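Below is one structure, written out as C-alpha coordinates; the observations come after it.
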Amino acid sequence: MKTKGKRSIMKVARVIRSKNSGPYELTLDIMFKDRRYYELFKKKKLITADKIAALYGVDKAAVLKIIYFEPSQAIKVTLKRKIPSGTPGDTDIYGAQQHAPLLNIKF
Amino acid sequence: MEKRKKLPPFKILSTTAILGYGFPESSFKKGLSKKPDLIAADAGSTDPGPYYLGSGKSFTNRTAVKRDLRLMIKAGVERNIPVIIGSAGGSGARPHLEWCLDIVRDIAREENLHFKLGIAEADIPKETVLTALKNGQVSSLPFVPPLTPAVVEESENIVAQMGVEPFIKLLEAGAQVIVAGRSYDPAVFAALPIWRGYDPGLALHLGKILECAAIAATPGSGSDCAFGTLTEDSFILEALSSERKFTPESAAAHTLYEKSDPYHLPGPGGSIDLTGCKFEDLGQGRVRVSGSRFIPTDGYWLKLEAVRLAGYRSISVAGVRDPIMIDQIDDILKAVEVRVRDILGKDSEGSQIYFHVYGKNGVMGELEPVKKTRSHELGIVIEVVAPTQAEADAVLALTRSALLHYGYEGRIATAGNLAFPFSPSDVAMGKVYEFSIYHLMEVSDPAFFPVRIEEL
(Lines give C-alpha, C1' and ligand atoms only; values in the text may rest on other atoms or scores of the structure.)
Protein backbone atom coordinates (compact mmCIF):
# COMPACT_ATOMS: atom_id res chain seq x y z
CA MET A 1 0.00 0.00 0.00
CA LYS A 2 1.60 3.24 -1.10
CA THR A 3 0.69 6.50 0.56
CA LYS A 4 1.88 9.80 -0.86
CA GLY A 5 5.08 8.43 -2.29
CA LYS A 6 6.11 6.93 1.03
CA ARG A 7 8.16 3.75 0.93
CA SER A 8 7.80 0.63 2.98
CA ILE A 9 10.60 -0.28 5.35
CA MET A 10 10.48 -3.74 3.78
CA LYS A 11 12.13 -2.31 0.68
CA VAL A 12 15.22 -1.21 2.60
CA ALA A 13 15.50 -3.69 5.50
CA ARG A 14 17.38 -6.95 5.22
CA VAL A 15 16.27 -8.28 8.61
CA ILE A 16 13.31 -7.36 10.79
CA ARG A 17 12.96 -9.63 13.80
CA SER A 18 11.95 -9.92 17.43
CA LYS A 19 13.29 -12.04 20.25
CA ASN A 20 13.41 -12.15 24.04
CA SER A 21 16.34 -10.43 25.63
CA GLY A 22 15.90 -12.33 28.86
CA PRO A 23 12.42 -13.25 30.13
CA TYR A 24 11.33 -9.65 30.83
CA GLU A 25 12.31 -7.88 27.62
CA LEU A 26 11.45 -8.10 23.96
CA THR A 27 14.08 -6.82 21.57
CA LEU A 28 13.40 -5.75 17.98
CA ASP A 29 16.10 -5.55 15.32
CA ILE A 30 15.94 -3.74 12.01
CA MET A 31 19.01 -4.28 9.81
CA PHE A 32 19.32 -2.27 6.63
CA LYS A 33 20.45 -3.54 3.25
CA ASP A 34 22.30 -0.33 2.54
CA ARG A 35 24.23 2.03 4.82
CA ARG A 36 22.46 4.93 3.11
CA TYR A 37 19.11 3.97 4.63
CA TYR A 38 20.60 3.23 8.02
CA GLU A 39 22.06 6.76 8.02
CA LEU A 40 18.76 8.22 6.81
CA PHE A 41 16.77 6.53 9.58
CA LYS A 42 19.36 7.60 12.12
CA LYS A 43 19.62 11.21 10.95
CA LYS A 44 15.88 11.77 10.57
CA LYS A 45 15.09 9.86 13.78
CA LEU A 46 12.48 7.81 11.97
CA ILE A 47 12.25 5.30 14.80
CA THR A 48 11.22 6.91 18.06
CA ALA A 49 9.83 5.63 21.32
CA ASP A 50 6.52 7.32 20.45
CA LYS A 51 6.33 5.55 17.11
CA ILE A 52 7.13 2.15 18.60
CA ALA A 53 4.65 2.72 21.43
CA ALA A 54 1.95 3.59 18.87
CA LEU A 55 2.73 0.58 16.64
CA TYR A 56 2.48 -1.82 19.56
CA GLY A 57 -0.27 0.00 21.42
CA VAL A 58 1.82 0.27 24.57
CA ASP A 59 2.84 3.05 26.91
CA LYS A 60 5.98 4.97 25.94
CA ALA A 61 7.53 3.94 29.26
CA ALA A 62 7.51 0.35 27.99
CA VAL A 63 10.14 1.31 25.41
CA LEU A 64 13.43 0.76 27.26
CA LYS A 65 15.89 1.96 24.63
CA ILE A 66 16.60 2.56 20.97
CA ILE A 67 20.17 1.91 19.89
CA TYR A 68 21.86 2.48 16.53
CA PHE A 69 24.48 -0.20 15.92
CA GLU A 70 27.00 0.85 13.26
CA PRO A 71 28.74 -2.49 12.61
CA SER A 72 25.44 -4.06 11.49
CA GLN A 73 23.70 -0.98 10.07
CA ALA A 74 20.99 -1.82 12.53
CA ILE A 75 18.49 -0.24 14.87
CA LYS A 76 17.65 -2.12 18.03
CA VAL A 77 14.57 -1.34 20.09
CA THR A 78 13.95 -2.99 23.43
CA LEU A 79 10.48 -3.17 24.94
CA LYS A 80 9.03 -4.42 28.17
CA ARG A 81 7.23 -7.72 27.66
CA LYS A 82 3.54 -7.55 28.55
CA ILE A 83 4.22 -10.42 30.91
CA PRO A 84 7.45 -12.33 31.49
CA SER A 85 8.16 -15.27 29.19
CA GLY A 86 6.14 -18.31 30.19
CA THR A 87 4.00 -16.61 32.83
CA PRO A 88 0.36 -17.74 32.44
CA GLY A 89 -1.23 -15.69 29.66
CA ASP A 90 1.95 -15.45 27.58
CA THR A 91 1.53 -16.08 23.86
CA ASP A 92 5.10 -16.30 22.58
CA ILE A 93 7.66 -17.88 24.92
CA TYR A 94 10.68 -16.99 22.73
CA GLY A 95 9.23 -13.66 21.59
CA ALA A 96 10.17 -14.61 18.06
CA GLN A 97 6.93 -13.56 16.31
CA GLN A 98 6.33 -10.06 17.64
CA HIS A 99 7.95 -8.16 14.78
CA ALA A 100 5.02 -7.81 12.35
CA PRO A 101 3.91 -4.26 13.37
CA LEU A 102 7.37 -3.02 12.28
CA LEU A 103 6.65 -4.17 8.73
CA ASN A 104 4.09 -1.37 8.48
CA ILE A 105 6.65 1.41 8.94
CA LYS A 106 6.65 3.85 6.01
CA PHE A 107 9.16 6.60 5.38
CA MET B 1 62.92 -5.32 32.59
CA GLU B 2 62.44 -8.85 31.29
CA LYS B 3 60.47 -8.93 28.06
CA ARG B 4 57.21 -10.79 28.51
CA LYS B 5 56.91 -13.89 26.35
CA LYS B 6 54.37 -13.40 23.58
CA LEU B 7 51.30 -15.59 23.93
CA PRO B 8 50.84 -18.15 21.14
CA PRO B 9 47.49 -18.22 19.27
CA PHE B 10 44.84 -19.93 21.42
CA LYS B 11 42.45 -22.06 19.37
CA ILE B 12 38.91 -22.94 20.39
CA LEU B 13 36.57 -25.47 18.82
CA SER B 14 32.93 -24.66 19.61
CA THR B 15 30.87 -27.65 18.61
CA THR B 16 27.24 -26.56 18.68
CA ALA B 17 24.95 -23.72 19.76
CA ILE B 18 23.38 -25.81 22.52
CA LEU B 19 24.73 -29.16 23.60
CA GLY B 20 22.35 -31.69 22.05
CA TYR B 21 21.57 -29.61 18.95
CA GLY B 22 24.18 -31.71 17.12
CA PHE B 23 26.99 -30.97 14.66
CA PRO B 24 28.35 -32.70 11.54
CA GLU B 25 31.25 -35.03 12.30
CA SER B 26 33.05 -33.66 9.24
CA SER B 27 33.10 -30.13 10.75
CA PHE B 28 34.22 -31.52 14.10
CA LYS B 29 37.07 -33.47 12.48
CA LYS B 30 38.16 -30.42 10.53
CA GLY B 31 38.21 -28.48 13.80
CA LEU B 32 40.31 -31.20 15.45
CA SER B 33 42.78 -31.14 12.55
CA LYS B 34 43.52 -27.51 13.46
CA LYS B 35 44.74 -28.72 16.86
CA PRO B 36 42.46 -26.76 19.20
CA ASP B 37 43.54 -25.88 22.74
CA LEU B 38 39.95 -26.20 23.96
CA ILE B 39 36.73 -27.95 22.97
CA ALA B 40 33.68 -26.34 24.51
CA ALA B 41 29.93 -25.91 24.25
CA ASP B 42 27.26 -24.05 26.10
CA ALA B 43 24.27 -26.18 27.02
CA GLY B 44 21.82 -23.65 28.36
CA SER B 45 19.29 -20.90 27.90
CA THR B 46 16.30 -19.37 29.65
CA ASP B 47 14.66 -19.07 26.24
CA PRO B 48 12.51 -22.20 26.44
CA GLY B 49 10.79 -20.62 29.42
CA PRO B 50 10.54 -21.19 33.17
CA TYR B 51 9.24 -24.77 33.13
CA TYR B 52 12.61 -26.46 32.64
CA LEU B 53 14.35 -24.72 35.52
CA GLY B 54 11.38 -25.43 37.80
CA SER B 55 10.81 -29.04 36.86
CA GLY B 56 14.50 -29.99 36.84
CA LYS B 57 14.12 -31.34 33.31
CA SER B 58 16.32 -30.67 30.31
CA PHE B 59 14.83 -29.09 27.21
CA THR B 60 17.31 -31.11 25.17
CA ASN B 61 17.08 -34.82 24.48
CA ARG B 62 19.31 -37.31 26.36
CA THR B 63 20.24 -39.33 23.26
CA ALA B 64 21.21 -36.18 21.38
CA VAL B 65 23.24 -34.77 24.28
CA LYS B 66 25.01 -38.10 24.72
CA ARG B 67 25.92 -38.22 21.04
CA ASP B 68 27.44 -34.72 21.14
CA LEU B 69 29.25 -35.34 24.42
CA ARG B 70 30.64 -38.70 23.32
CA LEU B 71 32.38 -37.14 20.31
CA MET B 72 33.68 -34.19 22.33
CA ILE B 73 34.91 -36.12 25.38
CA LYS B 74 36.45 -38.96 23.40
CA ALA B 75 38.40 -36.56 21.17
CA GLY B 76 39.37 -34.33 24.09
CA VAL B 77 40.56 -37.04 26.45
CA GLU B 78 42.42 -38.96 23.73
CA ARG B 79 44.22 -35.81 22.52
CA ASN B 80 44.61 -34.21 25.94
CA ILE B 81 42.46 -31.19 25.01
CA PRO B 82 40.27 -29.78 27.82
CA VAL B 83 36.53 -30.15 27.25
CA ILE B 84 34.26 -27.63 28.98
CA ILE B 85 30.46 -27.65 29.20
CA GLY B 86 28.42 -24.90 30.88
CA SER B 87 24.76 -24.66 31.95
CA ALA B 88 24.50 -28.44 32.00
CA GLY B 89 21.07 -29.86 31.32
CA GLY B 90 19.84 -26.56 29.92
CA SER B 91 18.94 -24.70 33.10
CA GLY B 92 21.98 -25.67 35.15
CA ALA B 93 20.42 -26.37 38.56
CA ARG B 94 21.37 -29.48 40.54
CA PRO B 95 18.96 -31.92 38.81
CA HIS B 96 20.09 -30.70 35.38
CA LEU B 97 23.75 -30.98 36.34
CA GLU B 98 23.24 -34.50 37.72
CA TRP B 99 21.42 -35.47 34.53
CA CYS B 100 24.38 -34.35 32.43
CA LEU B 101 26.99 -35.89 34.78
CA ASP B 102 25.18 -39.20 34.52
CA ILE B 103 25.59 -39.05 30.74
CA VAL B 104 29.31 -38.19 31.08
CA ARG B 105 29.87 -41.14 33.45
CA ASP B 106 28.01 -43.43 31.01
CA ILE B 107 30.28 -42.34 28.18
CA ALA B 108 33.45 -42.79 30.26
CA ARG B 109 32.35 -46.33 31.13
CA GLU B 110 31.27 -47.26 27.62
CA GLU B 111 34.39 -45.85 25.96
CA ASN B 112 36.75 -46.94 28.76
CA LEU B 113 37.97 -43.38 29.21
CA HIS B 114 39.69 -42.23 32.38
CA PHE B 115 39.98 -38.57 33.26
CA LYS B 116 39.58 -35.96 35.96
CA LEU B 117 36.03 -34.64 35.79
CA GLY B 118 35.61 -31.15 37.21
CA ILE B 119 32.17 -30.26 38.51
CA ALA B 120 30.87 -26.80 39.46
CA GLU B 121 27.45 -26.26 41.02
CA ALA B 122 25.45 -23.12 40.34
CA ASP B 123 22.72 -23.54 42.97
CA ILE B 124 22.42 -20.66 45.40
CA PRO B 125 20.93 -21.38 48.84
CA LYS B 126 17.90 -19.24 49.77
CA GLU B 127 19.71 -18.02 52.89
CA THR B 128 22.50 -16.59 50.72
CA VAL B 129 19.99 -14.59 48.68
CA LEU B 130 18.07 -13.48 51.78
CA THR B 131 21.29 -12.26 53.41
CA ALA B 132 22.34 -10.41 50.25
CA LEU B 133 18.87 -8.86 50.06
CA LYS B 134 19.13 -7.65 53.66
CA ASN B 135 22.58 -6.20 52.96
CA GLY B 136 21.43 -4.29 49.88
CA GLN B 137 23.43 -6.56 47.57
CA VAL B 138 20.55 -7.43 45.24
CA SER B 139 19.48 -5.20 42.39
CA SER B 140 16.68 -5.50 39.83
CA LEU B 141 17.16 -5.66 36.09
CA PRO B 142 14.89 -3.46 33.92
CA PHE B 143 11.15 -4.26 34.23
CA VAL B 144 11.79 -6.90 36.92
CA PRO B 145 9.92 -6.22 40.17
CA PRO B 146 12.12 -5.64 43.25
CA LEU B 147 12.96 -8.86 45.05
CA THR B 148 11.29 -9.54 48.40
CA PRO B 149 12.04 -12.19 51.05
CA ALA B 150 8.61 -13.75 50.33
CA VAL B 151 9.49 -14.26 46.66
CA VAL B 152 12.82 -15.82 47.63
CA GLU B 153 10.95 -18.25 49.91
CA GLU B 154 8.51 -19.22 47.14
CA SER B 155 11.26 -19.73 44.57
CA GLU B 156 12.63 -23.07 43.43
CA ASN B 157 16.00 -23.98 41.96
CA ILE B 158 17.74 -20.64 42.45
CA VAL B 159 20.86 -20.58 40.30
CA ALA B 160 23.43 -17.94 39.44
CA GLN B 161 25.29 -17.60 36.16
CA MET B 162 28.89 -18.26 37.16
CA GLY B 163 31.75 -16.41 35.53
CA VAL B 164 35.17 -17.78 34.59
CA GLU B 165 36.47 -18.08 38.18
CA PRO B 166 35.02 -21.49 39.17
CA PHE B 167 36.23 -22.93 35.85
CA ILE B 168 39.74 -21.59 36.51
CA LYS B 169 39.67 -23.16 39.97
CA LEU B 170 38.85 -26.54 38.38
CA LEU B 171 41.51 -26.12 35.67
CA GLU B 172 44.05 -25.37 38.39
CA ALA B 173 42.99 -28.61 40.07
CA GLY B 174 43.79 -30.49 36.86
CA ALA B 175 40.30 -31.05 35.49
CA GLN B 176 40.36 -32.46 31.93
CA VAL B 177 36.61 -32.36 31.42
CA ILE B 178 34.48 -29.74 33.19
CA VAL B 179 30.72 -29.88 33.51
CA ALA B 180 29.23 -26.87 35.24
CA GLY B 181 25.78 -25.79 36.32
CA ARG B 182 24.31 -22.50 35.14
CA SER B 183 27.07 -20.44 33.59
CA TYR B 184 27.51 -17.16 31.80
CA ASP B 185 27.57 -18.49 28.23
CA PRO B 186 31.00 -17.07 27.22
CA ALA B 187 32.70 -18.38 30.40
CA VAL B 188 33.18 -21.92 29.07
CA PHE B 189 35.22 -20.53 26.18
CA ALA B 190 36.97 -17.66 27.99
CA ALA B 191 38.05 -19.28 31.28
CA LEU B 192 41.06 -21.21 29.99
CA PRO B 193 42.51 -18.40 27.83
CA ILE B 194 41.93 -15.82 30.59
CA TRP B 195 43.73 -18.15 33.01
CA ARG B 196 46.62 -18.33 30.52
CA GLY B 197 46.84 -14.54 30.41
CA TYR B 198 44.84 -13.52 27.32
CA ASP B 199 42.87 -10.30 27.35
CA PRO B 200 39.48 -10.88 29.05
CA GLY B 201 37.63 -8.46 26.76
CA LEU B 202 38.68 -10.35 23.65
CA ALA B 203 38.31 -13.78 25.28
CA LEU B 204 34.79 -13.01 26.52
CA HIS B 205 33.68 -11.41 23.26
CA LEU B 206 34.99 -14.45 21.37
CA GLY B 207 33.09 -16.63 23.85
CA LYS B 208 29.96 -14.57 23.33
CA ILE B 209 30.10 -15.38 19.61
CA LEU B 210 31.26 -19.00 19.93
CA GLU B 211 28.51 -19.86 22.40
CA CYS B 212 26.12 -19.85 19.46
CA ALA B 213 28.65 -21.73 17.29
CA ALA B 214 27.79 -21.43 13.61
CA ILE B 215 24.67 -19.29 14.22
CA ALA B 216 27.00 -16.30 13.83
CA ALA B 217 28.19 -17.52 10.42
CA THR B 218 26.26 -17.18 7.18
CA PRO B 219 24.11 -19.08 6.42
CA GLY B 220 23.71 -19.52 10.14
CA SER B 221 23.20 -22.87 11.80
CA GLY B 222 22.72 -23.88 15.42
CA SER B 223 23.87 -27.39 14.55
CA ASP B 224 27.37 -26.79 13.22
CA CYS B 225 30.79 -26.03 14.67
CA ALA B 226 32.71 -22.76 14.70
CA PHE B 227 36.40 -22.13 15.27
CA GLY B 228 38.01 -19.19 17.06
CA THR B 229 41.66 -18.23 17.28
CA LEU B 230 42.56 -15.79 20.03
CA THR B 231 45.76 -13.77 19.94
CA GLU B 232 47.01 -10.96 22.18
CA ASP B 233 45.25 -8.19 20.26
CA SER B 234 42.39 -9.77 18.31
CA PHE B 235 40.55 -12.96 17.48
CA ILE B 236 39.70 -14.70 14.23
CA LEU B 237 36.45 -16.54 13.50
CA GLU B 238 36.01 -19.23 10.89
CA ALA B 239 33.41 -21.82 9.96
CA LEU B 240 34.30 -25.48 9.58
CA SER B 241 32.03 -26.52 6.75
CA SER B 242 32.25 -25.32 3.15
CA GLU B 243 28.53 -24.48 3.26
CA ARG B 244 29.06 -21.42 5.45
CA LYS B 245 31.49 -18.65 6.25
CA PHE B 246 31.96 -15.79 8.68
CA THR B 247 31.60 -12.28 7.32
CA PRO B 248 32.01 -9.00 9.21
CA GLU B 249 28.24 -8.58 8.82
CA SER B 250 27.38 -12.02 10.20
CA ALA B 251 29.73 -11.65 13.15
CA ALA B 252 28.53 -8.14 13.96
CA ALA B 253 24.88 -9.05 13.50
CA HIS B 254 25.25 -11.80 16.04
CA THR B 255 26.20 -9.19 18.60
CA LEU B 256 22.64 -7.89 18.34
CA TYR B 257 21.01 -11.23 18.94
CA GLU B 258 18.95 -11.63 22.13
CA LYS B 259 20.43 -8.63 23.87
CA SER B 260 19.19 -5.14 24.57
CA ASP B 261 22.41 -3.17 23.99
CA PRO B 262 24.96 -4.48 21.47
CA TYR B 263 27.70 -2.06 22.57
CA HIS B 264 27.72 -3.09 26.23
CA LEU B 265 27.29 -6.75 27.08
CA PRO B 266 26.99 -7.16 30.84
CA GLY B 267 28.16 -10.33 32.55
CA PRO B 268 29.59 -11.51 35.85
CA GLY B 269 32.04 -8.96 37.23
CA GLY B 270 31.79 -6.47 34.39
CA SER B 271 30.77 -5.89 30.82
CA ILE B 272 32.26 -6.27 27.38
CA ASP B 273 32.51 -2.86 25.76
CA LEU B 274 32.24 -3.03 21.97
CA THR B 275 32.22 0.70 21.25
CA GLY B 276 35.73 0.44 19.78
CA CYS B 277 35.22 -2.94 18.18
CA LYS B 278 36.23 -3.63 14.57
CA PHE B 279 35.16 -6.50 12.32
CA GLU B 280 37.52 -7.08 9.36
CA ASP B 281 37.16 -9.47 6.46
CA LEU B 282 40.27 -11.65 6.09
CA GLY B 283 38.90 -13.52 3.07
CA GLN B 284 38.21 -17.24 2.82
CA GLY B 285 35.30 -16.94 5.22
CA ARG B 286 37.41 -15.59 8.07
CA VAL B 287 36.80 -12.47 10.15
CA ARG B 288 39.16 -10.69 12.51
CA VAL B 289 37.64 -8.91 15.52
CA SER B 290 39.58 -6.41 17.59
CA GLY B 291 38.98 -3.60 20.07
CA SER B 292 36.62 -5.43 22.45
CA ARG B 293 37.35 -4.42 26.04
CA PHE B 294 36.34 -5.81 29.42
CA ILE B 295 35.24 -3.11 31.86
CA PRO B 296 35.02 -4.44 35.42
CA THR B 297 32.10 -3.21 37.50
CA ASP B 298 32.32 -1.75 40.95
CA GLY B 299 31.83 -4.95 42.92
CA TYR B 300 31.27 -8.37 41.40
CA TRP B 301 27.63 -8.99 40.44
CA LEU B 302 26.12 -12.29 39.35
CA LYS B 303 22.79 -12.85 37.64
CA LEU B 304 20.36 -14.95 39.64
CA GLU B 305 17.59 -16.99 38.03
CA ALA B 306 14.74 -18.81 39.72
CA VAL B 307 11.13 -19.76 39.18
CA ARG B 308 8.10 -20.45 41.33
CA LEU B 309 5.09 -22.68 40.90
CA ALA B 310 2.23 -20.76 39.27
CA GLY B 311 -0.29 -23.64 39.28
CA TYR B 312 -1.38 -26.52 37.09
CA ARG B 313 -2.46 -26.31 33.48
CA SER B 314 -5.05 -28.07 31.33
CA ILE B 315 -5.71 -27.27 27.70
CA SER B 316 -8.06 -28.14 24.90
CA VAL B 317 -7.53 -27.46 21.18
CA ALA B 318 -10.43 -26.79 18.82
CA GLY B 319 -11.32 -25.06 15.58
CA VAL B 320 -14.17 -22.81 14.50
CA ARG B 321 -15.35 -22.52 10.86
CA ASP B 322 -18.75 -20.88 11.30
CA PRO B 323 -18.65 -17.26 9.98
CA ILE B 324 -21.51 -16.12 12.23
CA MET B 325 -19.60 -17.35 15.27
CA ILE B 326 -16.25 -15.95 14.07
CA ASP B 327 -17.86 -12.55 13.68
CA GLN B 328 -18.79 -12.48 17.38
CA ILE B 329 -15.91 -14.49 18.78
CA ASP B 330 -14.76 -11.99 21.44
CA ASP B 331 -18.24 -11.57 22.91
CA ILE B 332 -18.85 -15.32 22.84
CA LEU B 333 -15.63 -16.12 24.69
CA LYS B 334 -16.35 -13.46 27.31
CA ALA B 335 -19.88 -14.81 27.82
CA VAL B 336 -18.61 -18.37 28.14
CA GLU B 337 -16.18 -17.37 30.88
CA VAL B 338 -18.97 -15.54 32.74
CA ARG B 339 -21.15 -18.64 32.51
CA VAL B 340 -18.39 -20.95 33.76
CA ARG B 341 -17.62 -18.70 36.72
CA ASP B 342 -21.33 -18.41 37.48
CA ILE B 343 -21.78 -22.18 37.54
CA LEU B 344 -18.62 -23.00 39.51
CA GLY B 345 -18.76 -19.99 41.82
CA LYS B 346 -16.07 -20.28 44.49
CA ASP B 347 -14.69 -23.40 42.83
CA SER B 348 -13.32 -21.38 39.94
CA GLU B 349 -11.96 -18.45 41.96
CA GLY B 350 -8.34 -19.57 41.90
CA SER B 351 -8.44 -20.43 38.20
CA GLN B 352 -7.31 -18.34 35.27
CA ILE B 353 -9.00 -18.99 31.92
CA TYR B 354 -7.25 -17.98 28.69
CA PHE B 355 -8.45 -18.33 25.12
CA HIS B 356 -5.62 -18.31 22.59
CA VAL B 357 -7.45 -17.47 19.38
CA TYR B 358 -5.23 -18.29 16.39
CA GLY B 359 -6.30 -16.53 13.23
CA LYS B 360 -7.16 -13.52 15.35
CA ASN B 361 -4.56 -12.58 17.97
CA GLY B 362 -3.21 -15.91 19.21
CA VAL B 363 0.38 -14.86 18.53
CA MET B 364 0.49 -11.27 19.73
CA GLY B 365 -2.40 -11.08 22.20
CA GLU B 366 -3.00 -7.50 23.32
CA LEU B 367 -0.08 -6.26 21.20
CA GLU B 368 -1.88 -7.30 17.99
CA PRO B 369 -2.65 -4.16 16.01
CA VAL B 370 -5.14 -5.95 13.68
CA LYS B 371 -8.27 -5.95 15.80
CA LYS B 372 -10.76 -7.51 13.38
CA THR B 373 -9.94 -10.93 11.95
CA ARG B 374 -10.55 -11.67 8.28
CA SER B 375 -9.79 -15.34 8.70
CA HIS B 376 -12.38 -17.88 7.55
CA GLU B 377 -11.42 -20.19 10.38
CA LEU B 378 -10.01 -19.83 13.89
CA GLY B 379 -7.98 -22.14 16.04
CA ILE B 380 -8.69 -21.88 19.74
CA VAL B 381 -6.56 -23.19 22.56
CA ILE B 382 -8.54 -23.09 25.77
CA GLU B 383 -6.14 -22.86 28.67
CA VAL B 384 -6.86 -23.09 32.37
CA VAL B 385 -4.26 -22.56 35.10
CA ALA B 386 -5.49 -23.47 38.58
CA PRO B 387 -4.06 -24.18 42.04
CA THR B 388 -4.47 -27.96 41.55
CA GLN B 389 -4.61 -30.24 38.52
CA ALA B 390 -8.10 -31.39 39.54
CA GLU B 391 -9.38 -27.80 39.53
CA ALA B 392 -7.69 -27.07 36.21
CA ASP B 393 -9.28 -30.19 34.70
CA ALA B 394 -12.72 -29.31 36.09
CA VAL B 395 -12.71 -25.69 34.94
CA LEU B 396 -11.38 -26.67 31.53
CA ALA B 397 -14.02 -29.38 31.04
CA LEU B 398 -16.80 -26.96 31.83
CA THR B 399 -15.33 -24.17 29.68
CA ARG B 400 -14.95 -26.56 26.76
CA SER B 401 -18.50 -27.89 27.00
CA ALA B 402 -19.96 -24.41 27.57
CA LEU B 403 -18.22 -23.12 24.44
CA LEU B 404 -19.19 -26.20 22.42
CA HIS B 405 -22.88 -25.64 23.05
CA TYR B 406 -23.07 -21.90 23.61
CA GLY B 407 -26.16 -20.40 21.91
CA TYR B 408 -24.80 -17.19 20.46
CA GLU B 409 -26.82 -14.55 18.64
CA GLY B 410 -27.98 -15.68 15.17
CA ARG B 411 -26.67 -19.22 15.59
CA ILE B 412 -27.86 -21.64 12.87
CA ALA B 413 -25.30 -24.43 13.38
CA THR B 414 -27.01 -25.87 16.42
CA ALA B 415 -25.14 -29.19 16.72
CA GLY B 416 -21.88 -27.83 18.18
CA ASN B 417 -19.56 -24.85 17.90
CA LEU B 418 -16.16 -26.53 17.93
CA ALA B 419 -14.22 -28.92 15.71
CA PHE B 420 -11.94 -31.01 17.94
CA PRO B 421 -9.00 -32.63 16.19
CA PHE B 422 -8.38 -35.05 19.05
CA SER B 423 -10.11 -37.43 21.40
CA PRO B 424 -9.56 -36.95 24.29
CA SER B 425 -10.09 -33.26 23.75
CA ASP B 426 -8.60 -32.19 27.08
CA VAL B 427 -4.96 -32.48 28.09
CA ALA B 428 -3.65 -32.17 31.64
CA MET B 429 -0.25 -30.50 31.27
CA GLY B 430 0.91 -30.54 34.88
CA LYS B 431 2.89 -27.93 36.73
CA VAL B 432 3.23 -24.38 35.43
CA TYR B 433 6.17 -22.27 36.55
CA GLU B 434 6.90 -18.59 36.19
CA PHE B 435 10.13 -16.65 36.55
CA SER B 436 10.36 -15.19 40.04
CA ILE B 437 14.00 -14.15 40.36
CA TYR B 438 15.96 -12.48 37.59
CA HIS B 439 18.14 -10.15 39.61
CA LEU B 440 21.76 -9.28 40.18
CA MET B 441 23.49 -10.26 43.42
CA GLU B 442 26.83 -8.93 44.61
CA VAL B 443 29.35 -11.46 45.88
CA SER B 444 32.74 -10.98 47.50
CA ASP B 445 34.28 -14.14 46.05
CA PRO B 446 33.42 -14.84 42.37
CA ALA B 447 34.68 -18.41 42.81
CA PHE B 448 32.35 -19.19 45.73
CA PHE B 449 30.45 -21.81 43.69
CA PRO B 450 31.05 -25.33 45.08
CA VAL B 451 33.50 -27.24 42.89
CA ARG B 452 34.82 -30.79 43.07
CA ILE B 453 36.91 -33.24 41.09
CA GLU B 454 35.72 -36.76 40.34
CA GLU B 455 38.24 -39.32 39.05
CA LEU B 456 36.71 -41.41 36.29
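Since we're looking at a predicted model, the values are computed, not measured. Chain A is the first sequence line, chain B the second, and so forth, proteins listed ahead of strands; every chain is numbered from 1. Note: hydrogens, waters and symmetry copies are ignored here, and every other heavy atom, side chains too, is used.
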So, does [X] use its side chain to make a donor-acceptor pair with the main chain of [Y] at under 3.5 Å?
{"X": "Lys76(A)", "Y": "Leu256(B)", "answer": "yes"}
{"X": "Tyr354(B)", "Y": "Pro88(A)", "answer": "yes"}
{"X": "Thr87(A)", "Y": "Glu434(B)", "answer": "no"}

**Prompt:** If you look at every heavy atom in Ala61(A) and Phe143(B), which pair is closest and at what distance?
**Reply:**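 Minimum heavy-atom contact is O-CE2, 4.1 Å.
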**Fill in**
Closest non-hydrogen contact found for Ser85(A) with Phe435(B) is O-CD1, 3.5 Å
Could you tell me whether the side chain of [Y] reaches within less than 4.5 Å of the side chain of [X], counting heavy atoms only?
{"X": "Gln98(A)", "Y": "Leu367(B)", "result": "yes"}
{"X": "Tyr438(B)", "Y": "Pro23(A)", "result": "yes"}
{"X": "Pro369(B)", "Y": "Tyr56(A)", "result": "no"}

**Asked** Where on Ile93(A) is there a heavy atom nearer than 4.5 Å to chain B: the side chain, the backbone, both, or neither?
**Response**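 For Ile93(A), the contact with chain B is made by backbone and side chain together.
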**Asked** Considering only heavy atoms, which portion of Glu70(A) lies under 4.5 Å from any heavy atom of chain B: side chain, backbone, both, or neither?
**Response**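 Both parts, heavy atoms under 4.5 Å.
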**Message:** Under a 4.0 Å threshold between the charged nitrogen and the carboxylate oxygen, would Asp47(B) count as salt-bridged to Lys19(A)?
**Reply:** yes
**From CG (Asp92(A)) to NE2 (His356(B)), nearest 0.5 Å** =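 NE2 of His356(B) is found 11.5 Å from CG of Asp92(A).
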**Message:** Assess the residue pair Thr91(A) and Met364(B) against the criterion (side chain to side chain contact (heavy atoms under 4.5 Å, CB included)); give the C-alpha distance rounded to whole Å, side-chain angles, the decisive distance to 0.1 Å, and a yes or no.
**Reply:** CA-CA 6 Å; Thr91(A) 57; Met364(B) 295 193 66; 5.7 Å; no
**Item:** Per-residue contact mode, Val432(B) against chain A (heavy atom under 4.5 angstrom)
**Value:**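 For Val432(B), the side chain is the part near chain A, not the backbone.
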**Residues which pass side chain to side chain donor-acceptor pair (under 3.5 Å) with Lys371(B), listed by chain and number, not counting sequence neighbours** =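 Per chain and number, Lys371(B) pairs via side chain to side chain donor-acceptor pair (under 3.5 Å) with no residue.
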